[in-house]
Amino acid sequence: MLELDALETRYDDFTFGPLDLTVEDEVLAVLGPSGSGKTTLLSTVAGIVSSAGGSVRLDGRELTGRPPEARGTGVVFQDGALFPHMTARENLSYAATDAGRVGELANLLEIDDVLGRRPGALSGGERQRVALARTLAADPDALLLDEPLSSLDAPIRRRLRLELHDLFGSLDIPVVCVTHDQRTASALGDRLAVLRDGQLEQAGPCSAVLERPATPFVARFTGSENVLTARVLERTVEAVLLGLAPGRPLAALDGTRVTADVGETVTVSVHPARFEFGRETTAELHGVAPLQGCVQRLVNEGDQYRLVVETRPGGDSSTAGLALAVTAAPTTVSRLGLAAGEQVSLSVDPADVNVIG
Amino acid sequence: MLELDALETRYDDFTFGPLDLTVEDEVLAVLGPSGSGKTTLLSTVAGIVSSAGGSVRLDGRELTGRPPEARGTGVVFQDGALFPHMTARENLSYAATDAGRVGELANLLEIDDVLGRRPGALSGGERQRVALARTLAADPDALLLDEPLSSLDAPIRRRLRLELHDLFGSLDIPVVCVTHDQRTASALGDRLAVLRDGQLEQAGPCSAVLERPATPFVARFTGSENVLTARVLERTVEAVLLGLAPGRPLAALDGTRVTADVGETVTVSVHPARFEFGRETTAELHGVAPLQGCVQRLVNEGDQYRLVVETRPGGDSSTAGLALAVTAAPTTVSRLGLAAGEQVSLSVDPADVNVIG
Amino acid sequence: RGPDWLAVATVLGALLLCYYLLPVLSLVASQSPTAVLARLDDPAVVGAMTTSVVASTVSTLVGVAFGLPLAYWLARTDGRVKTLVTALVVLPLVLPPIVSGMVLLTVVGPDTLVGELASASGLPLTRSIAGVVLAQTFVASPFVVVTAKAAFEGVDDRLEAASRSLGKSRATTVRRVTLPLAWPGILAGVTLAFARAIGEFGATIMLAYYPRTMPVQIWVAFSTEGLSEAFPVAVVLLGVSVVSLVVLN
Amino acid sequence: RGPDWLAVATVLGALLLCYYLLPVLSLVASQSPTAVLARLDDPAVVGAMTTSVVASTVSTLVGVAFGLPLAYWLARTDGRVKTLVTALVVLPLVLPPIVSGMVLLTVVGPDTLVGELASASGLPLTRSIAGVVLAQTFVASPFVVVTAKAAFEGVDDRLEAASRSLGKSRATTVRRVTLPLAWPGILAGVTLAFARAIGEFGATIMLAYYPRTMPVQIWVAFSTEGLSEAFPVAVVLLGVSVVSLVVLN
């Protein structure tokens with residue numbers, strides 16, 4: 001178990017933390033934009049930069065103040081940081097506490113064929129595998145990874161993502177994996193922490209953070225692009241009806257999820273992939289009539305279509321339109337024959353409406 | 001119109017081309033893995049590296065052999081390549097053929113507020129906007145972009161992708177945009193060219209390349225991960241029935257699309273997003289019974305779920321399983337209650353089966 | 001566990017630093033300012049000062065004018081030609097100064113073709129300020145070339161490519177992009193070259209014993225009148241070097 | 001359009017190259033191998049050769065042993081201390097060699113405390129090979145420090161971080177990661193330092209006129225017997241330097 005307690009690091013123009021975080025023998029994905037302190041977090045835990053305050057404990061051992069070599073924290077650096085004057089095998093042997101593990105790890109990570117090569121002769125994916133094997137060869141008590149997939153081409157990234165998912169599951173140590181890519185974070189992480197400007201913005205189980213972002217920043221950064229101001233239209237003991245304008249309901253939520261009174265507004269977020277499509281239907285779905293809108297743009301992004309749908313919450317053309325970001329699977333687009341300029345009906349499951357507050 | 005005619009560039013250990021390509025006043029997205037020669041293509045067209053053979057013509061003018069400054073090819077370099085000793089405004093003024101355009105372009109690209117800053121004080125997104133404005137200030141006859149979005153965080157990338165799409169549409173010059181990201185390529189490109197090891201693997205309208213990849217490499221690189229060997233089960237004048245094993249049909253295609261005879265095999269590809277799901281249904285869809293399979297993995301990637309579905313084409317447990325990569329929208333996963341270990345039925349529209357040959 | 005290498009290394013490094021520092025402190029401490037100022041009246045000292053400053057300035061300027069183009073070319077070239085030319089530029093740096101003086105004598109000495117032509121036209125190349133400049137340029141200008149080459153190499157060549165694809169010629173690009181960015185490095189090279197020129201002794205004494213530069217004047221005072229007579233001149237030279245270097249930066 | 005700057009620059013650079021190349025060609029062409037070989041019997045020349053090679057080797061080794069730790073520390077430090085110490089290291093490089101000799105005399109000269117102690121213990125620091133080594137070390141070792149510092153800075157510090165997070169101590173990391181990667185740069189510095197040491201003239205002549213090094217021997221031959229007598233010794237020195245440098249690399 002890795003415990004960070006009010007951990008803090010200061011640079012000339014940047015303060016990281018104070019940050020509290022506990023990582024069990026699980027994978028914590030740390031997501032944040034560039035400059036949010038992701039690499040600083042890893043460097044501080046590994047002792048590569050010294051902390052300005054707080055403490056780090058690993059399996060109960062106090063690490064604060066110890067040099068990097070006495071911490072047992074294995075780091076996989078961005079782009080590998082392999083020793084360029086050594087072959088892949090020498091890189092592994094250098095790190096190995098037990099020479100017998102070199103072959104075993106080479107097997108596990110499928111790098112047997114490239115062990116004789118220098119890092120300069122390895123592809124990006126091979127470099128990452130060798131770097132990971134090297135770190136594991138030192139038998140670390142915690143594994144820290146800095147953007148392990150960011151420099152890889154898409155097909156290799158997809159494959160390595162699945163492999164890392166399995167590998168991490170088989171390690172019984174805390175794993176912290178830092179990334180700016182939300183897809184990598186959610187694919188690898190058991191839990192997810194979102195950093196912003198050196199501060200922890202939200203942390204929790206992966207699905208909780210993705211489905212219930214606590215701030216507009218987390219919502220936008222994890223892909224829930226539609227951060228909307230909704231109004232409480234009606235309220236009963238069990239349910240509360242939210243709408244984007246009077247008389248235009250968005251969703252009927254469980255009454256416990258919103259405390260605001262009728263007429264007050266709350267901020268909600270909806271992920272673009274969570275809308276259900278219809279063609280000009282007014283039949284109620286999930287208890288309310290669908291939103292009607294016009295497809296302003298329809299961009300093929302290969303594995304999905306990205307739409308901007310303009311709805312007129314006021315119901316007539318005099319009110320300002322509200323642009324919703326919506327994505328649709330290719331099968332949906334072809335089934336409904338969606339195209340720019342056409343009318344669509346959008347429904348959203350109340351469970352997919354996230355109340356920020 | 002930009003015309004490349006047998007264009008070739010040689011390095012010590014890399015040969016680019018010979019390559020023929022014509023770009024009208026449209027956006028050509030060039031997609032390829034790292035090392036495939038994408039940047040070499042731009043550098044050769046812009047005259048930054050000299051070609052070993054072939055020719056480049058722009059609007060009929062012969063460019064081959066001319067220095068970069070006499071070509072009229074505006075390049076937006078990866079990460080901007082802004083002059084670090086000049087402010088954003090000075091960068092624009094340096095390039096501007098007409099001083100009046102600086103303000104106009106600053107307005108267009110929404111960088112008015114940062115014009116007084118040096119590149120070091122700009123965010124990644126601002127740097128790209130300034131770099132683009134600087135290139136446009138020189139009033140180029142063709143626009144070449146090298147990975148314009150690759151170093152940006154996801155929310156900014158999504159936004160700039162839509163803005164670039166509109167901006168490129170308003171320019172009446174050839175635009176070549178090089179990227180390793182298939183989503184950026186398909187969102188920006190009118191046409192798409194795929195490079196591999198310095199050679200053109202496939203080129204054509206964006207949707208044609210995405211939906212009808214001509215080689216297994218293009219299929220995998222553009223996301224059609226399922227490259228399968230299918231067998232011709234039956235054949236009539238109008239239709240041909242493809243299957244993964246005797247008696248297990250995959251899809252009934254128009255007879256003109258496959259020339260192979262009954263019993264012969266063809267290579268086909270199916271994009272993971274193109275499967276339609278059912279729960280243990282045997283009802284025919286698109287004319288054939290769905291494939292039955294078991295969900296081996298189910299990974300939440302945030303905006304979609306990634307599944308590995310193992311089908312047993314032989315129908316009994318003695319035959320080897322075939323792992324299909326499948327993606328599903330979150331709404332589909334929750335509607336069907338998909339989970340690892342459960343049985344699903346997969347159907348595919350014959351139009352979504354791509355015959356490679 | 002072996003010896004504590006970190007401690008050993010620290011002691012070694014600190015000792016070297018002291019070795020650099022002590023003599024300078026000692027020199028400054030041992031000289032009374034009045035004795036130094038008194039020697040500023042001596043016409044021999046004033047003449048040597050003038051010769052040194054003028055010749056060093058000229059040879060540094062020559063090094064910049066001729067050396068920057070060479071440095072830029074080296075920074076933008078590759079392959080065997082680059083290796084050969086770089087070796088040639090480094091040659092005067094590794095050549096013993098006294099040997100440099102002698103090889104220059106074989107080209108511009110009084111008995112050579114060049115030397116005779118120059119003398120006949122009234123501009124003798126030895127025992128003249130021209131000789132001092134020739135000696136200093138040979139020995140000091142490679143510092144400009146080597147340092148400016150590194151500075152030019154440090155300028156991302158994508159910036160030059162960007163400038164040219166914006167329609168600017170190579171000359172404009174160098175003037176407005178490359179030179180401003182390489183400037184700090186070039187200045188360091190100029191500083192080194194000036195310091196080397198004003199301190200030049202071995203080559204100068206071979207090529208131009210007269211007019212005396214300050215290093216030659218120090219040697220003459222030392223060998224004819226002893227250490228105490230040479231000291232004030234040395235402090236003056238030190239002062240002139242430091243002031244010039246501060247002005248340069 | 002203005003003048004063709006590209007052509008002007010090319011001419012300037014080429015002229016400077018010729019200025020470096022011509023004297024060397026001239027020297028090699030003007031000397032007959034037999035005259036050079038004949039002087040190899042001269043005991044004065046043999047003695048000077050021995051002194052030069054031994055002293056230069058020792059002072060280069062001293063520079064490496066003491067200079068590498070200092071260079072490493074400088075490469076991994078930041079802020080004002082780094083600036084100050086770097087300035088101190090550069091000082092002997094910009095100090096006129098003759099002034100360097102004088103400042104060393106104020107510390108280790110015969111009339112100083114250090115000098116008297118050393119003489120009393122039978123190891124005089126002036127007019128001895130120890131004096132030559134002291135002079136050469138002061139003047140040449142900064143080349144090791146400056147070049148090795150640049151080489152150490154060129155080693156990505158993430159590689160050191162990686163090594164240490166793999167459980168290796170700082171000493172092991174430096175030995176197995178940093179030094180091997182910085183080696184080419186360090187070797188260049190060692191070469192420069194050796195060349196500077198074997199060619200050292202100004203400081204040596206102040207600190208140790210005897211035992212004569214080759215540059216001093218050349219000066220003596222030149223000033224007492226003229227250019228033609230000094231020439232063969234200069235060629236020998238050139239030969240010794242070139243051979244040593246080739247061996248080093």
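Per chain, numbering begins at 1; letters A, B, ... match sequence-line order. FYI, side chains are in, hydrogens and waters are out, and symmetry mates aren't considered; it's all heavy atoms of this structure.
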Roughly how far apart are A:R158 CZ and A:L149 CG, rounded to 0.5 Å?
12.5 Å
Polar side chain donor-acceptor pair, B:S186 to A:N300, under 3.5 angstrom:
no
Expected contact set for residues 202-214 of chain B against chain A at heavy-atom separation under 4.5 Å reads B:L210, B:E211
Minimum-distance pair of heavy atoms, taken over all atoms of A:V295 and A:A339:
CB-O, 3.6 Å
Any A:V348 side-chain heavy atom under 4.5 Å of A:H286 side chain:
no
Heavy-atom closest pair, residues A:A219 and A:I356:
CB-CD1, 4.3 Å
If one checks every heavy atom of A:D349 against chain B at 4.5 Å, the contacting part turns out to be neither
Least distance between heavy atoms, B:R274 atom then A:P330 atom:
CZ-CB, 3.3 Å
Hey, does the side chain of B:E147 reach the backbone of B:H180 with a donor-acceptor pair shorter than 3.5 angstrom?
yes
Report which part of A:L162 has an atom under 4.5 Å of a heavy atom belonging to chain B: side chain, backbone, both, or neither.
both
State, to 0.1 Å, how close B:T327 and B:A273 come at their nearest heavy-atom pair, and which atoms those are.
OG1-CA, 3.2 Å
Contacts of residues 26-35 of chain B with chain A (heavy atom under 4.5 Å):
B:P33, B:S34
Let me confirm one number: the OG1-CD distance from B:T184 to A:E301, rounded to the nearest 0.5 Å.
8.0 Å
If you count heavy-atom pairs under 4.5 Å between each of A:H165, A:R306, A:E276 and chain B, which one has the most?
A:R306
Quick one: what part of A:F275 sits under 4.5 Å from any heavy atom of chain B, side chain, backbone, both or neither?
backbone
Please state whether the side chain, the backbone, both or neither of B:R157 comes within less than 4.5 Å of a heavy atom of chain A.
side chain
Nearest atoms (heavy-atom pairs only) where A:D79 meets A:R127:
O-CD, 3.9 Å
Under 4.5 Å from a heavy atom of chain A, the part of B:L188 involved:
neither
So which residue, A:R161, A:E225, A:R220, ends up with the most heavy-atom pairs under 4.5 Å with chain B?
A:E225
B:D146 and B:K38 ion-paired at < 4.0 Å
no
Does the side chain of A:L145 come within less than 4.5 Å of A:V175's, by heavy atoms?
yes
Can any side-chain N or O of A:N226 pair as donor or acceptor with the backbone N or O of A:V270 at less than 3.5 Å?
yes
Which pair of non-hydrogen atoms, one from A:E201 and one from A:F217, has the smallest distance, and what is that distance?
OE2-CB, 3.7 Å
Among A:D166, A:T332, A:V299, A:D352, who wins on heavy-atom pairs under 4.5 Å with chain B?
A:D166
Applying a strict 4.5 Å limit to non-hydrogen atoms, the region of B:R297 in contact with chain A is side chain
